[in-house]
Amino acid sequence: MRLERSYFEDKTYRVAQSLIGKVLVRYIDFFGKYQKLTGVITETEAYGYTDDPASHAFKGKTLRNEAMFGEVGKLYVYFIYGNYFCLNIVAKSRDTGAGAVLIRSVEPLEGIGLMKIFRKTNNISNLTTGPGKLAQAFKITKKHNNLDIGDKKNNNHIYIEDSSPLSRYHNFIVVESTRIGISTGTDKKWRYLMRVKNLSHYQFLSSAFLSKSS
DNA sequence: CACCCGATTATCT
DNA sequence: GATAATCGGGTGT
């Protein structure tokens with residue numbers, strides 16, 4: 001089941017936490033062939049508004065961050081460190097002006113061959129384990145800023161699904177911690193990570209996640 | 001494995 | 001002119 005817009009209308013940190021175990025889906029036209037890329041979301045962070053000095057929205061609306069102030073269920077994609085893109089989904093409760101969830105890591109499921117090409121690596125355990133890396137693996141760039149993933153009429157090539165081999169087992173827990181890569185707002189525990197309870201249920205996965213969890 | 005550092009450029013002040 | 005919600009390569013343990 002594809003997540004609808006209403007899913008993203010809640011406190012940002014709650015959406016961030018609940019996205020763990022969901023599946024990022026991306027269809028891409030690769031030399032005329034329609035290819036599917038998917039991955040289980042294993043790490044997220046929430047970024048708020050005036051309550052959160054680490055958030056791009058903290059000081060108000062600018063050209064870069066305007067998506068964070070817009071409709072929930074749209075993407076906020078920004079360029080960072082001269083090289084990388086970071087994928088966020090706008091999420092906030094109705095009475096909040098801005099907020100988004102940063103997708104920090106996924107576990108690759110489908111389209112791994114194509115991800116390797118986009119990442120220019122054969123190392124499967126290094127494909128999508130970081131915000132810059134997963135944007136590269138899924139070929140997500142600033143072109144996708146403001147893309148609406150909350151309504152299939154507006155786009156049918158990037159969205160999030162509620163079903164996956166992992167979420168079906170429900171054999172994972174979500175742990176929280178402080179966010180990383182920031183210098184302010186370091187007290188907030190708005191980083192969420194998937195940890196599996198029973199590794200034997202996850203042998204169909206082959207990448208970094210298993211070695212990290214064991 | 002842990003830490004350190006340089007790359008590289010859009011965006012903001 | 002400075003900074004950045006990162007990454008990968010290098011060095012040392």
Side-chain angles (χ1 to χ4, degrees), chain A residues 8 11-17 19-20 24 39 41-70 72 74-92 96-108 115-147 149 158 160 174-194 207-214:
Chain A
F8 303 98
K11 287 186 185 294
T12 309
Y13 70 87
R14 265 194 236 161
V15 178
Q17 183 176 38
L19 281 178
I20 300 296
L24 177 65
I41 297 172
T42 55
E43 180 181 351
T44 62
E45 280 178 1
Y47 286 90
Y49 185 22
T50 50
D51 58 332
D52 181 12
S55 173
H56 288 173
F58 181 64
K59 291 179 183 166
K61 197 193 282 190
T62 66
L63 221 54
R64 175 176 68 163
N65 68 18
E66 61 152 351
M68 287 185 78
F69 292 79
V72 299
K74 287 189 167 186
L75 298 185
Y76 169 44
V77 182
Y78 65 87
F79 186 67
I80 191 77
Y81 292 109
N83 259 329
Y84 305 101
F85 295 97
C86 290
L87 170 66
N88 298 253
I89 299 145
V90 179
K92 63 203 182 200
T96 304
V101 176
L102 172 68
I103 309 296
R104 287 195 59 88
S105 189
V106 307
E107 177 71 22
M115 293 183 197
K116 285 178 173 173
I117 294 172
F118 296 150
R119 288 274 296 122
K120 301 190 203 300
T121 179
N122 277 317
N123 184 358
I124 191 171
S125 65
N126 199 25
L127 273 185
T128 54
T129 51
K133 292 189 243 183
L134 77 88
Q136 204 169 49
F138 279 74
K139 221 175 175 52
I140 288 169
T141 68
K142 220 184 143 212
K143 280 189 299 193
H144 303 106
N145 191 38
N146 269 310
L147 183 73
I149 70 163
I158 300 181
I160 296 177
V174 180
V175 299
E176 60 177 33
S177 75
T178 55
R179 297 169 294 177
I180 59 179
I182 54 172
S183 52
T184 56
T186 47
D187 54 319
K188 290 181 163 42
K189 292 188 168 178
W190 283 354
R191 179 181 181 221
Y192 301 95
L193 301 114
M194 175 189 281
S207 96
F209 185 67
L210 288 179
S211 51
K212 264 200 311 190
S213 288
S214 54

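So you know, we letter chains A, B, ... as the sequences are listed, proteins then strands, and number each from 1.
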Can you measure [X] atom [atom1] to [N] atom [atom2] for me and round it to whole angstrom units?
X: A:Asn123; N: C:dG9; atom1: CG; atom2: P; value: 11 Å
X: A:Asn126; N: C:dC7; atom1: CG; atom2: P; value: 9 Å
X: A:Leu134; N: C:dC7; atom1: CG; atom2: C1'; value: 13 Å
X: A:Lys120; N: C:dC7; atom1: NZ; atom2: P; value: 16 Å
X: A:Glu66; N: B:dA10; atom1: CD; atom2: P; value: 18 Å
X: A:Arg64; N: B:dT13; atom1: CZ; atom2: P; value: 9 Å
X: A:Lys133; N: C:dG8; atom1: NZ; atom2: P; value: 5 Å
X: A:Lys61; N: B:dT13; atom1: NZ; atom2: P; value: 15 Å

Legend entry - Under 4.0 angstrom between A:Arg119 side-chain N/O and C:dG8 OP1 or OP2: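 Answer yes for this pair, as a side-chain N or O of A:Arg119 is under 4.0 Å from OP1 or OP2.
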Legend entry - Distance-only donor-acceptor test (3.5 Å): side chain A:Tyr81, base B:dA7: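 Counting by modelled atom types and ignoring angles, no donor-acceptor contact under 3.5 Å is found here.
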Inset, instruction - Evaluate the criterion ring-ring contact (aromatic ring centres under 6.0 Å, His included) for residue pair A:Tyr49 and A:Phe69; output intermediate values, then yes/no. - result: CA-CA 9 Å; A:Tyr49 185 22; A:Phe69 292 79; 5.4 Å; yes
Starting the side chain at C-beta, find the nucleotide from [options] nearest to [X].
X: A:Met68; options: C:dA5, C:dG8, B:dT8; answer: C:dA5
X: A:Ser55; options: C:dA5, C:dG8, B:dC12; answer: C:dA5
X: A:Pro131; options: B:dT13, B:dC12, C:dC7; answer: C:dC7
X: A:Lys59; options: B:dT13, C:dA5, C:dG8; answer: B:dT13

Legend entry - Secondary structure of DNA chain B in dot-bracket form (Watson-Crick or G-U wobble, distances below 3.5 Å, | marking inter-strand pairs): |||||||.||||.
Could you check whether [X] gets within reach of a base, just the sugar-phosphate, or nothing at all, counting any heavy atom under 4.0 Å?
X: A:Arg191; answer: nothing
X: A:Gly132; answer: sugar-phosphate
X: A:Ile182; answer: sugar-phosphate
X: A:Arg104; answer: sugar-phosphate

Where [X] and [Y] come nearest, the two heavy atoms and their spacing:
X: A:Phe8; Y: A:Leu19; value: CE2-CD2, 4.3 Å
X: A:Gly99; Y: A:Thr12; value: CA-OG1, 3.9 Å
X: A:Val90; Y: A:Gly70; value: CG1-O, 3.8 Å
X: A:Ile80; Y: A:Cys86; value: CG2-SG, 3.9 Å

Inset, instruction - Return the stacking result for C:dT6 and A:Tyr84: yes when the ring centres lie under 5.5 Å apart and the planes under 30°, no otherwise. - result: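 Not stacked: fails the 5.5 Å / 30° test.
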Inset, instruction - Decide, applying a 5.5 Å centre-distance limit and a 30° plane-angle limit (both strict), whether A:Tyr47 stacks on C:dA5. - result: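 Stacking between A:Tyr47 and C:dA5: present.
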Inset, instruction - Would you check, one step at a time, whether the test side-chain contact (heavy atoms from CB on, under 4.5 Å) holds for A:Tyr76 with A:His56? - result: CA-CA 11 Å; A:Tyr76 169 44; A:His56 288 173; 2.8 Å; yes
Inset, instruction - Would you mind reporting whether A:Pro131 and A:Glu45 have side-chain heavy atoms less than 4.5 Å apart? - result: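 Counting from C-beta outward, A:Glu45 and A:Pro131 never come under 4.5 Å.
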Legend entry - Side-chain heavy-atom pair A:Lys189, A:Thr178 within 4.5 angstrom cut-off: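 Contact flag for A:Lys189/A:Thr178 side chains = yes.
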Legend entry - 5' precedence on DNA chain B between A:Lys142 and A:Gly82 (nearest-nucleotide basis):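 Final value for this comparison: A:Gly82.
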Inset, instruction - Could you check A:Ile80 against A:Gln136 and say which one's nearest nucleotide on DNA chain C is further toward the 5' end? - result: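 Per heavy-atom nearest nucleotide, the more 5' residue is A:Ile80.
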